[in-house]
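Written below as structure tokens is the structure these notes are about.
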Amino acid sequence: MKKICLWSGPRNISTALMYSFAQRDDTKIVDEPLYGHYLRETGARHPGRKEIMNKVNCDGNSVMGNLLNLNPKNGEKVLFIKQMTKHLVNVDCHFLPKLKNILLVRNPRDMLPSLAEKIPQPNLADTGLKLQWHLYKNLQNMGNNPIVVDADELLMNPKDILKQLCHHLKLKFFNSMLSWPAKPRKEDGIWAKYWYQSLHKTTGFLPYLPKSNFPVELTNLLIECKPYYEKLLTKSIRANGEKL
């Protein structure tokens, strides 16, 4: 069973990419299994904190151990785990080389206004960008070359980028990965009602629309984020021009 981890930051269209892979008949989806662990370790005041911690396993090492030992069912050949990079706090990362790792990044100018709607006064740690850059370097040092995907590039060229991503993962691309029903999905974590409302109205990757009128109060955070994003962007898959 091929095991894939998607390491994203918040508001990076990671759930849309998870829904895309959920359209594959050969793939099992797991949504942010370290979320409870992250809330326990950091005390972060996220929407639904108590409910989440009461419903999920909050021992990160146990969670990842169970996932690595998961037995495939019903023809499953792929395990796709959507993760937030910032959830990797006080977790033994020995499992990383056993996975195919994807880093999903997004231009902070587009990501930060959306994040600030959910988390008032976000900081660099909330974005996960610095952690993503460190994770990229650590994976490289382990000889586990991560694939970097830029969210805005994916929105502009979904078919092209998904084809390239599947090629790097040694998976067959299916056109079914480009669309999904507009509704909540069985793969959703219990936090979906706080974070996924807009996505549940979509049937595929939305056209890229750059954010206008960037909030002035986020300017300093944007300056902090940009160097990490720009370094990761140089490593990312770029479109060959094949659009929908």
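Just so it is clear, the values below take in all heavy atoms, side chains as well, and ignore hydrogens, waters and symmetry mates. All values reported here derive from a predicted model rather than from experimental measurement.
Closest heavy-atom contact between Q23 and P181: OE1-CD, 4.2 Å. Counting all heavy atoms, side chain and backbone alike, I190 lies closest to K55 at CD1-CB, 3.4 Å. The two residues L155 and L206 make their nearest non-hydrogen contact at CD2-O, 3.3 Å. Residues V89 and H37 share a closest heavy-atom pair of O-NE2, 2.6 Å.
At distances below 3.5 Å, at least one donor-acceptor pair connects side-chain atoms of N144 with backbone N or O atoms of L99. Distance alone, capped at 3.5 Å, places no donor-acceptor pair between the K86 side chain and the G128 backbone. Between the R24 side chain and the K172 main chain, a donor and an acceptor come within less than 3.5 Å of each other. Side chain of D26 to backbone of V78: no donor-acceptor contact under 3.5 angstrom is found.
Of the options E51, H46, K118, a side-chain hydrogen bond (donor to acceptor under 3.5 Å, both in side chains) to Y194 is made by E51 and by none of the others.
One distance of note links CG of L39 with SG of C58; it measures 7.5 Å at 0.5 Å rounding. To the nearest 0.5 Å, atom NZ of residue K137 and atom CD of residue Q140 are 11.0 Å apart. In this structure, Q83 CD and I102 CD1 are separated by 11.5 Å, a value rounded to the nearest 0.5 Å. For the atom pair F95 CZ and C5 SG, the distance stands at 6.0 Å (nearest 0.5 Å). A distance of 10.5 Å separates CG of L112 from CD of E217, quoted to the nearest 0.5 Å.
Using a 4.0 Å cut-off between a side-chain N of Lys or Arg and a carboxylate O of Asp or Glu, D150 and R106 do not qualify as a salt bridge.
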With a cut-off of 3.5 Å and sequence neighbours excluded, list every side-chain donor-acceptor pair involving residues 11-19.
| from | atom 1 | to | atom 2 | distance (Å) |
| --- | --- | --- | --- | --- |
| R11 | NE | S114 | OG | 3.0 |
| R11 | NH1 | W195 | O | 3.4 |
| N12 | ND2 | L104 | O | 3.0 |
| T15 | OG1 | K82 | NZ | 2.8 |
| Y19 | OH | D188 | OD1 | 2.6 |
| Y19 | OH | D188 | OD2 | 3.2 |
| Y19 | OH | H200 | NE2 | 3.1 |

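Ring centroids of W133 and Y136 are separated by less than 6.0 Å, placing the two rings close together.
A 6.0 Å sphere centred on NZ of K77 holds no more than 12 heavy atoms belonging to other residues, nucleotides or ligands. Crowding of K130 atom NZ: a count of heavy atoms from other residues, nucleotides or ligands under 6.0 Å not exceeding 12. Within a 6.0 Å sphere centred on CD of Q121, heavy atoms belonging to other residues, nucleotides or ligands number 12 at most. The number of heavy-atom neighbours closer than 6.0 Å to CG of D25, taken from other residues, nucleotides and ligands shown, is 12 or below. Environment of NZ in K226: sparse, with no more than 12 heavy atoms of neighbouring residues, nucleotides or ligands closer than 6.0 Å.
Linking Ile, Leu, Val, Met, Phe, Trp and Tyr residues whenever their side-chain heavy atoms come within less than 4.5 Å leaves L131 and Y38 in two separate clusters. Hydrophobic clustering, with ILVMFWY side chains joined whenever heavy atoms are under 4.5 angstrom apart, groups L232 together with L221.
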Checklist entry - Between L88 and C93, is a side chain to side chain contact (heavy atoms under 4.5 Å, CB included) present by the stated rule, with each step listed? => result CA-CA 8 Å; L88 265 180; C93 292; 3.8 Å; yes
Next on the checklist: Between E224 and N220, is the side-chain hydrogen bond (donor to acceptor under 3.5 Å, both in side chains) condition met? List the steps.
Outcome noted: CA-CA 6 Å; E224 282 189 272; N220 287 338; over 6 Å; no
Item to check | Residues T85, L103; criterion side chain to side chain contact (heavy atoms under 4.5 Å, CB included); working and verdict | outcome: CA-CA 9 Å; T85 314; L103 273 68; 5.8 Å; no
Item to check | Step-by-step ring pair (Phe, Tyr, Trp, His ring centres under 6.0 Å) determination, F21 to W180 | outcome: CA-CA 10 Å; F21 272 81; W180 49 82; over 10 Å; no
Item to check | Y196 and D31: CA distance, side-chain angles, deciding distance, side-chain hydrogen bond (donor to acceptor under 3.5 Å, both in side chains) verdict | outcome: CA-CA 12 Å; Y196 302 170; D31 188 15; 2.8 Å; yes
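A tilted orientation is assigned to the rings of H134 and Y228, their planes being inclined by 30° to 60°.
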